[in-house]
Amino acid sequence: MQNDLVLYNTLHRKKEVFKPIHEGRVGLYVCGPTVYGDAHLGHARPAITFDLLFRYLTKIGYKVRYVRNITDVGHLENDADEGEDKIAKKARLEQLEPMEVVQYYVNRYHQAMEALHVLPPSIEPHASGHIIEQIEFVKKIVTNGWAYESEGSVYFDVEKYNKSHHYGKLSGRNIDELLSTGRELDGQSEKRNNVDFALWKKASPEHIMRWPSPWSDGFPGWHLECSAMGTRYLGEEFDIHGGGMDLMFPHHECEIAQSVGALGHETVHTWMHNNMITINGQKMGKSLGNFITLEEFFEGNHQALTQAYSPMTIRFFILQAHYRSTVDFSNEALQASEKGLERLMGAYARLLKIGASSNSSIDTKGIRERCFEAMNDDLNSPIVISHLFDACKSINMISDGKATINAEDLKELKEVFELFIQDILGLGLDEKTSQSAGEGYKGAINLLLDMRMDAKVNKDWATSDKIRNELTALGFEIKDTKDGYEWKLVK
RNA sequence: GGUACCUUGGCCGAGUGGCUAGGCACCGGUCUGCAAAACCGAUUACGGCGGUUCGAAUCCGCCAGGUACCUCCA
């Protein structure tokens, strides 16, 4: 830890030196998925962004408790308080128990995350498993006078809250105009004001997911779970709350109001928001229907995709942009990432094989410091990657016998690559390279390629090309090197 | 309509006052039986207009274009 870690705090709209509440420990909460459909590319952005943060904080010595929730109840389809529950709707359409829907998509989400090398969080609480905590949270808000009951439902009184607090401070909006001009015209609503949001909703008779409460048989409002579970596992005050920018309003704004309403103070010190992934310049999202699921990327099974993209390509693509920038999806951009990742990982594989000389003819010093510096500057992963690419050039020269490196520098370079590529950026070595294949399998391929080497020595090009062509047809990629060969399975 | 943000070379994408980001593609060369990979070199930038400054992609103003949030969305 050469310098201080600086993070952009959405709440103050500036970069701030990160100081944990408790020395050596970090509490991190990130909004997870609503599990009523497969995860798409957009879901990979916060998962990877905060995985990067989680990994980095851990690597620089913090003990991190990372909580990422599963929303399995309370997230309504349309207006925050009127529509059908997303999970319940899916269950009704598929004729399944709501919890079957939840389990199915949670399993698939976990598979996708594992493929992307997103580490599991420390705790992954389900909203439906914390109904008691949520009811207690609502009780406090009601007791403190910030909420009212109406027809068995409980709503947060935004107008009252806004008189003494700033509802909109996070998203930078002033709610006054909305309050003065946004009255309901039809007068049908149970709410006093249409900016009020639900803390507890009374369930209609056909609604399956329901729990008893002091107000009605019903279910919690969507915004409540994060306040209740964050507090439950990270305390009344914690360090970092993350999520997508689109959750800033109203979701995170409501969380702030709920915390102040229940506890009398805010809970979150640093708010972090990742930007969106766009497709043809537009946000990729459920509502626009222009999303491509992660599985479709992995399998190349979507009309907008000209090929399949590996999970590591997707991860690298996301890490090549800073998390607060939008990043536009295109086949061209992904193919560039694929090639770039190949270059990076190829050099890494070579690094593990090169030998030390008595002196270094190239300068690899300072890479560690420069990478840390970039990470400390609000997780600037693209800059980290550019420094690693600089080192790739040196590694390739050494591998080609055009440069040398001494034992000390070599050891340092290996450590830096392992630290940043594997541990921090989370880019695993390709599982199908000769490095990690099983012994028997590896031996068989090596035997074939040794035979090809012999054929080459005898200038038997027919045999050597036959071996290479047939292995290529089976999905292997063969590259000749100065005194041997490299291979990997690419399909 | 309100609020915020963005516009960098063929493509992606860093960079917030002076110093070649990086990757991909393309072109020339080296190496190679061929191919791939690798290395060397060349080329292509800061939406437009004006201002501040010794100096602006970077600060300020105006204009043009685009996006996000304001309803669910990562």
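Here is how names work: the chains are called A, B, and so on, in the same order as the sequence lines, proteins then strands, and each is numbered from 1.
Using modelled atom types, one finds a donor on one side chain and an acceptor on the other under 3.5 Å when comparing A:Asn396 with A:Arg350.
Across all strands shown, A:Ser287 has heavy atoms under 4.0 Å from base atoms, whether or not it also approaches the sugar-phosphate. When heavy atoms are screened at a 4.0 angstrom cut-off, A:Lys339 is found touching the sugar-phosphate backbone but no base atom. Base contact: A:Asp480 has a heavy atom under 4.0 Å from a base atom.
With hydrogens and angles ignored, a donor-acceptor pair under 3.5 angstrom links the side chain of A:Asp465 to the base of B:rG33.
Phosphate proximity of B:rG33 to A:Lys456: absent, as no side-chain N or O sits under 4.0 Å from OP1 or OP2. Contact annotation: A:Arg343 side-chain N/O to B:rA36 OP1/OP2 distance is not under 4.0 Å. Distances shorter than 4.0 Å separate none of the side-chain N or O atoms of A:Asn290 from OP1 or OP2 on B:rC73. Of the side-chain N and O atoms in A:Lys393, none sit less than 4.0 angstrom from OP1 or OP2 of B:rG22.
Between the side chain of A:Arg315 and the backbone N or O of A:His117 there is at least one donor-acceptor pair closer than 3.5 Å.
Residue side chain A:Trp461 meets the stacking definition with respect to B:rG33: its ring centre sits within less than 5.5 angstrom of the base's six-membered ring centre, and the planes differ by less than 30 degrees.
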### Nucleic acid footprint by protein, nucleotides 5-11 of chain B - heavy-atom cut-off 4.0 Å, B for base, S for sugar-phosphate alone
------S
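Non-hydrogen atoms lying under 4.0 Å from RNA chain B are contributed by A:Gln320, A:Ala321, all within residues 309-321 of chain A.
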